[in-house]
**Student:** 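Quick one: this structure, given as structure tokens, is what I'll be asking you about.
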Amino acid sequence: MVLALTLIRESVRDMRQPVVSELVQKGKDPYLVLISCLLSLRTKDATTREAQRRLFDEASTPEEMVTLPKEKIEQLIYPVGFYRNKAVVIKEVSKELISKYNGSVPDDIDTLLTLKGVGRKTANLVVTMGYDKPGICVDTHVHRISNRLGFVCTKDPEGTEMALRERLPPDHWKEINDLLVTWGQNVCGPISPFCSRCPVSHLCEKKGVTVHR
DNA sequence: AAAACGGGGGC
DNA sequence: GCCCCAGTTTT
């Protein structure tokens, strides 16, 4: 499994990196990581890119965010999916951060999970990307590829998270999401993966098949 | 035109 | 565990 990840890392090197990488390079602000996650929920990474830039241009702290009217946030993040609901959630979370956590973002998974709109994927990403603490972020790319390559065999993403936590050495945890998202977008997609350009297709248990959809 | 896409929450 | 949520993208 680690060998497979090493080979994947090699071929991912020159690919366009996902949005989260940009945030990391911009100083790993946990608040931006969090809001970026909420914005990306159930919508493709590429389509949230511009919306993210527009939103953060107007507000990049909880204090700035709560001053924006709901309609303004909606307008800024359009046309990402669920934009109406997301505007509400983003504002509520920002309020909650101010009233309960002095405007800062909690740094442990259990506390993060109590926030509105925050589930395991978001909580893990904030902790690993924002605070450089151990966590495994399982989105559909990580889930699908882990199952297709036979790293794990579980129906639900939480099972994948737990299994990876046990089987994968901690020094790979921080990278796993970034790596497999890029991999999933460019090679190992959900519908018709490009197995011909995959360096680990020889050890893939479910080459070419659609997994868990 | 229709199906695919992608996390969280409520039941 | 099942089903819904809304809107864009892909087929």
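Quick caveat, the model's predicted, so the values are computed rather than measured. Lettering follows sequence order; numbering is per chain, from 1.
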**Student:** Is there a salt bridge (charged side-chain N to carboxylate O under 4.0 Å, His left out) between A:K86 and A:E74 once you walk through the steps?
**Tutor:** CA-CA 8 Å; A:K86 283 173 184 175; A:E74 285 179 6; over 6 Å; no
**Student:** Sub-3.5 Å donor-acceptor pair from the side chain of A:N124 to the main-chain atoms of A:R120, do we have one?
**Tutor:**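 Here the side-chain-to-backbone pair exists.
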**Student:** Is there a side-chain contact between A:K44 and the phosphate of B:dG6, meaning an N or O under 4.0 Å from OP1 or OP2?
**Tutor:**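 Result: no.
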**Student:** Does A:T122 make a side-chain N or O approach to OP1 or OP2 of B:dG8 shorter than 4.0 Å?
**Tutor:**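 Yes, because at least one side-chain N or O of A:T122 sits under 4.0 Å from OP1 or OP2 of B:dG8.
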**Student:** In whole Å, what is the span from the OH atom of A:Y83 to the P atom of B:dG6?
**Tutor:**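 Going from OH in A:Y83 over to P in B:dG6 covers 21 Å.
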**Student:** Using distance alone, with no hydrogens and no angle criterion, decide if A:T160 and A:T154 have a side-chain donor and acceptor under 3.5 Å apart.
**Tutor:**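 Present: a donor and an acceptor within the cut-off.
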**Student:** If you measure from the P atom in B:dA1 to the same atom in C:dA6, how many Å do you get, rounded?
**Tutor:**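 The same atom, P, in both gives a distance of 22 Å.
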**Student:** Ignoring hydrogens and angles, state whether a donor on the side chain of A:Y31 or A:S94 is under 3.5 Å from an acceptor on the partner side chain.
**Tutor:**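 A:S94 and A:Y31 do have a side-chain donor-acceptor pair below 3.5 Å.
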**Student:** Are any side-chain N or O atoms of A:Q75 and backbone N or O atoms of A:E71, one a donor and one an acceptor, separated by less than 3.5 Å?
**Tutor:**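 No; zero donor-acceptor contacts below 3.5 Å.
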**Student:** Figure out the NZ/P separation between A:K86 and B:dG6, and round it to whole Å.
**Tutor:**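 Taking NZ of A:K86 and P of B:dG6, I get 12 Å after rounding.
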**Student:** Pull out every stem in DNA chain B, meaning runs of 3 or more consecutive Watson-Crick or G-U wobble pairs with both distances under 3.5 Å.
**Tutor:**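 As far as DNA chain B goes, consecutive pairing (with distances under 3.5 Å) yields the stems B:1-5 with C:7-11, B:7-11 with C:1-5.
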**Student:** Is the phosphate of C:dT8 approached by A:R42 (side-chain N or O, under 4.0 Å from OP1 or OP2)?
**Tutor:**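 No.
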**Student:** Can you give me the closest heavy-atom contact between A:M15 and A:T182, atom names plus distance?
**Tutor:**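 Of all heavy-atom pairs spanning A:M15 and A:T182, the closest is CB-CG2, 3.6 Å.
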**Student:** In whole Å, I'd like the distance from the NE2 atom of A:H141 to the C1' atom of B:dG7.
**Tutor:**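 About 12 Å, once rounded to whole Å.
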**Student:** A:F82 has an atom CZ; how far is it from atom P of B:dG8, in whole Å?
**Tutor:**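 The answer, rounded to whole Å, is 12 Å.
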**Student:** Would you check if the side chain of A:R197 reaches a backbone N or O of A:V187 as a donor-acceptor pair within less than 3.5 Å?
**Tutor:**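 No, A:R197 side chain to A:V187 backbone: no donor-acceptor pair under 3.5 Å.
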**Student:** Rounded to the nearest Å, what distance is computed from the CG atom of residue A:D156 to the P atom of nucleotide C:dC2?
**Tutor:**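 Atom CG in A:D156 sits about 11 Å away from atom P in C:dC2.
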**Student:** Expressed in whole Å, how much space separates the C1' atoms belonging to C:dT8 and B:dG9?
**Tutor:**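 Result for the C1' pair: 22 Å, nearest Å.
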**Student:** Rounded to whole angstrom units, what separation is found between the CD1 atom of A:I191 and the P atom of B:dA3?
**Tutor:**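 Interatomic distance, CD1 of A:I191 to P of B:dA3: 13 Å.
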**Student:** In whole Å, what separates the P atom of B:dA3 from that of C:dC4?
**Tutor:**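 The answer is 16 Å between these two P atoms.
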**Student:** What integer distance in Å separates A:H143:NE2 from B:dG6:P?
**Tutor:**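 Spelled out: NE2 on A:H143 to P on B:dG6 is 12 Å.
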**Student:** Roughly how many Å is it from NZ in A:K116 to P in B:dG7, rounded to a whole number?
**Tutor:**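 Checked: the NZ to P distance equals 18 Å.
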